[in-house]
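These figures come from a predicted structure and were not determined experimentally. Computed over heavy atoms, backbone and side chain alike; hydrogens, waters and symmetry mates excluded. Reminder, nothing fancy here: chain letters follow the sequence lines and each chain counts from 1.
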There are 2 protein chains.
Amino acid sequence: MPKETFYNLSDVKKNKILDAAIDEFAENDYHQANVTGVIEKSGIASGSFYQYFDGKKDLYKYLIGIILKRKLKYLNKEVMNSPEQLNFFDLLRQLYKGGIQFAEENPRLVAIGNNFINSKSKVCIDIREKQKPMSNQYFEKLIKYAIKKGDVKKDIDPAFTAKFLTSVNYALSDFIYAEEGLKENTMVIIDDLINIIESGLKK
Amino acid sequence: MPKETFYNLSDVKKNKILDAAIDEFAENDYHQANVTGVIEKSGIASGSFYQYFDGKKDLYKYLIGIILKRKLKYLNKEVMNSPEQLNFFDLLRQLYKGGIQFAEENPRLVAIGNNFINSKSKVCIDIREKQKPMSNQYFEKLIKYAIKKGDVKKDIDPAFTAKFLTSVNYALSDFIYAEEGLKENTMVIIDDLINIIESGLKK
DNA sequence: TAGTCACATGAAGCTGAATTCACATTCATG
DNA sequence: CATGAATGTGAATTCAGCTTCATGTGACTA
């Protein structure tokens, strides 16, 4: 976590630093991202950096936390409010759309997030361990519940299907992130996608 | 590319080095993998390493080349032989099964490959640039052809669908790689998966 | 004015990993 | 054996990044 000094900074300066950090980690994986890069981009002195953060790892953990929180907000909107009354596939649609909206509005954060998820760096593995309950296991629960409820057919492997859905979700975000010019298309693609998945999974 | 001296080595020694390298790069991403690790695991002197390779990057490029070649062999078996006469979904099934078989028989190579695909390291991006025609674009071609042929419905986005299929393929390999004990289940899962995809994509 | 506090600064130091290099050893050949 | 070309070796060097530290600055208080 950042030190008190960081929080005491003016919002302008705080944002300049955060912005620089987001740039640096969006463009590079954890190892390739340099504290030096953040320092140069934000225009602070190297010494100052260590007055605000315990070091590179500290900054990175902080960033990941921010990203998670911000992404959750997008999902919350539609899903968390209407917990288990929604049809599984409508829920999925909402989840994906939330994810996409997040990706569209925060491409740099998605870049960092994708990297974080796939990285074999100790730091990333460490952080992920502490938040396993999220994502994959969340999907798995949803699926098991959907089977019980009768939305989804019985003869599928919940663990694999969870992985499958998560992975497709990432592919989606990635796709949106890579191809800039398809804002209108996007939601159509998602609907198609869910239809594909639905026709394969429903009872 | 390795230097002449490497090729002159006895097969035993060559393999010891390759094995060590595969271990090191399977356990760590490009930046975290150390030449020192390879040196220690293979029991050669650090100086010798530089007599065989131009350095870390050189070794890595060589490894990736080996992996690609080896994976292609698995796909070739069923697909390349019967090029465009197969129904798209049968072809897909063969591709996935080839991928899975490769993953089952070469888990360490899959680990390196996954890392390679996702990495933002300059070296990886560099290598990928040089082989773009593969994978994604290969799928895209297949899909366009399948649409023309009438196997696949018209109103899908080929680029996205290609990304989708590639990503699912990776999820599959990942899944197999992570969960050791499901050899018998595996092919069933793939069939289910293809059925899901087929019911969503076919005309 | 002097004292103190919070923050700023960048040169200097530290660290770990890649690479080099001077010397040692092996081995085929005459 | 003698020779030298190829190969092996690991301590020393280099280098890039992270981190520390001694010192500077300005604002507020007594």
Side-chain angles (χ1 to χ4, degrees), chain A residues 1-18 20-21 23-63 115 119-124 126-127, chain B residues 1-18 20-21 23-63 115 119-124 126-127:
Chain A
M1 282 292 99
K3 299 180 182 172
E4 204 46 40
T5 44
F6 177 71
Y7 293 112
N8 292 341
L9 255 31
S10 77
D11 280 0
V12 173
K13 193 159 189 178
K14 252 189 299 200
N15 282 331
K16 209 157 67 174
I17 294 170
L18 276 183
D23 265 0
E24 183 67 16
F25 282 103
E27 285 161 18
N28 306 284
D29 61 31
Y30 181 77
H31 285 287
Q32 249 184 322
N34 296 332
V35 173
T36 312
V38 178
I39 287 164
E40 280 169 2
K41 282 175 195 167
S42 61
I44 62 173
S46 59
S48 298
F49 177 82
Y50 290 90
Q51 214 125 30
Y52 309 144
F53 298 94
D54 265 342
K56 183 177 174 179
K57 197 189 297 189
D58 185 37
L59 167 61
Y60 187 67
K61 279 185 190 171
Y62 178 58
L63 274 190
N115 229 94
S119 174
K120 271 184 186 169
S121 163
K122 243 191 207 167
V123 184
C124 297
D126 250 38
I127 302 177
Chain B
M1 283 293 99
K3 298 180 183 173
E4 205 45 42
T5 45
F6 177 71
Y7 294 113
N8 292 341
L9 256 32
S10 78
D11 281 0
V12 173
K13 194 158 188 180
K14 252 189 299 200
N15 283 330
K16 209 157 67 175
I17 294 170
L18 276 183
D23 264 1
E24 183 68 16
F25 282 102
E27 284 161 19
N28 305 285
D29 62 31
Y30 180 77
H31 286 286
Q32 252 184 318
N34 296 332
V35 172
T36 313
V38 178
I39 287 165
E40 280 168 3
K41 281 175 196 168
S42 60
I44 63 173
S46 57
S48 298
F49 177 82
Y50 290 91
Q51 214 123 30
Y52 307 146
F53 298 94
D54 264 343
K56 184 177 173 178
K57 196 190 299 190
D58 186 36
L59 168 62
Y60 187 67
K61 280 185 189 170
Y62 179 58
L63 273 189
N115 229 95
S119 173
K120 273 185 187 168
S121 163
K122 244 191 206 167
V123 185
C124 297
D126 250 38
I127 302 177

Side chain of A:Lys3, backbone of A:Tyr50: donor and acceptor closer than 3.5 Å? yes
Identify each donor-acceptor pair in which a side-chain atom of residues 30-37 of chain A lies under 3.5 Å from a protein atom, sequence neighbours left out, and give them as a table.
| unit_1 | atom_1 | unit_2 | atom_2 | d |
| --- | --- | --- | --- | --- |
| A:Tyr30 | OH | A:Lys57 | N | 3.4 |

Taking atom CD1 of A:Ile17 and atom OG of A:Ser42, what is their separation to the nearest 0.5 Å? 5.5 Å
Let me know the distance between OH of A:Tyr7 and P of C:dC7, rounded to the nearest Å. 14 Å
For A:Leu59 and A:Phe49, the nearest pair of non-hydrogen atoms, with its separation, is CD2-CE1, 3.8 Å
Whole angstroms only, please: what is the CD-P distance between B:Glu40 and D:dT9? 14 Å
Can you classify the ring geometry of A:Tyr62 versus A:Phe53 as parallel (below 30°), tilted (30 to 60°) or perpendicular (above 60°)? tilted
Heavy atoms only: give me the nearest B:Ile127-B:Lys61 pair and the separation to one decimal. CD1-CG, 3.5 Å
Treat primed atoms plus P, OP1 and OP2 as sugar-phosphate and everything else as base, then score nucleotides 3-8 of chain D 5' to 3': B for base contact with protein heavy atoms under 4.0 Å, S for sugar-phosphate contact only, - for none. ----SB
Rounding to an integer number of Å, can you tell me how far B:Tyr30 OH sits from C:dA17 P? 14 Å
Do the side chains of B:Lys41 and B:Glu27 get close enough for a salt bridge, i.e. N-O under 4.0 angstrom? yes
Heavy atoms under 4.0 Å is the rule here; annotate nucleotides 13-20 of chain D 5' to 3' with B where the base is hit, S where only the sugar-phosphate is, and - elsewhere. ----SSBB
How long is the straight-line distance from CG of A:Asn8 back to CD of A:Gln51, given to the nearest 0.5 Å? 11.0 Å
Rounded to whole Å, the NZ-P distance (A:Lys14 to C:dC7) equals 12 Å
